[in-house]
Amino acid sequence: MKQTTYDQLLEAAMNVIRREGFDKASVSRFVKEAGVAQGTFYNYFASKNELVPAIAARILDEQLARMKERGDAETLEMLMDTMIDVTFTITEEFRDYISFCYSGISLYYSFERWDEIYRPYYDWLESQFSKLQRAGRITTELELKAAVNNTVGLIEHAAEAHYLSRAVTEDRTTAEAELKRMLVRALTI
């Protein structure tokens, strides 16, 4: 598939930001790396700060695409395996950007923008939970939207503790197994 100019710019910006840091990176470096004219950047982004939600959206789009590639889960255990594995993998791959995105969103944008970025992921998981709930595989005692939000938050926190803060000392396999055990118990009570 041919890469769009937007994708070229975003990928170039991510590469420059990874090498130089956000503060030192410049629009001129982004367009040079993308091989486009200086003014082209402003056709897609109002300012350099607009890259923050664009990068966050790119990461979450990739995460959701990988989860969807694995298909609908027949059991809660299968769904948790998919979510936990993909989230840990994405966090490891994009760790250079995740902290940057969190701080940038809180500095430049409202949490409503953060919710917009997450909305496709939340909607997908709510659909998965709803199917499992109708099949009697997860509890009907939980409100789905809250269960979705809490599940995503907990999985992301565990992956970030493992790869970003190094607050967790166990290996990835152990961390994932403990997380899965806790979530399956919580969602099937």
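Looking at Glu69 and Arg66, no side-chain N of the basic residue comes within less than 4.0 Å of a carboxylate O on the acidic one, giving no salt bridge. With respect to Arg113 and Glu116, a salt bridge is recorded, a charged nitrogen being found less than 4.0 Å from a carboxylate O. A salt bridge links Glu176 with Arg172: the distance from a Lys NZ or Arg NE/NH1/NH2 to an Asp or Glu carboxylate oxygen falls below 4.0 Å. Under 4.0 Å is where a charged nitrogen must lie from a carboxylate oxygen, and between Arg70 and Asp85 at least one such pair does.
A 4.5 Å side-chain heavy-atom check between Val36 and Phe41 finds every atom pair outside the cut-off. No side-chain heavy atom of Glu33 sits less than 4.5 Å from a side-chain heavy atom of Leu9. The shortest distance between side-chain heavy atoms of Thr40 and Phe30 does not fall below 4.5 Å.
Note on ring orientation: taking the six-membered ring where Trp is involved, the planes of Phe88 and Tyr163 are perpendicular (angle over 60°, cut-offs 30° and 60°).
Counting non-hydrogen atoms of other residues, nucleotides and ligands closer than 6.0 Å to CD of Glu74 gives a total of 12 or fewer.
Hydrophobic clustering (ILVMFWY, side-chain heavy atoms < 4.5 Å, transitive): Ile55 and Trp114 are in one cluster.
The backbone N or O of Asp123 lies less than 3.5 Å from no partner atom in the side chain of Ser127, so there is not a single donor-acceptor pair.
Counted by atom type alone, Glu126 and Tyr121 present zero donor-acceptor pairs between their side chains at under 3.5 Å. For the residue pair Glu156 and Thr87, no side-chain donor N or O sits within less than 3.5 Å of a side-chain acceptor on the partner.
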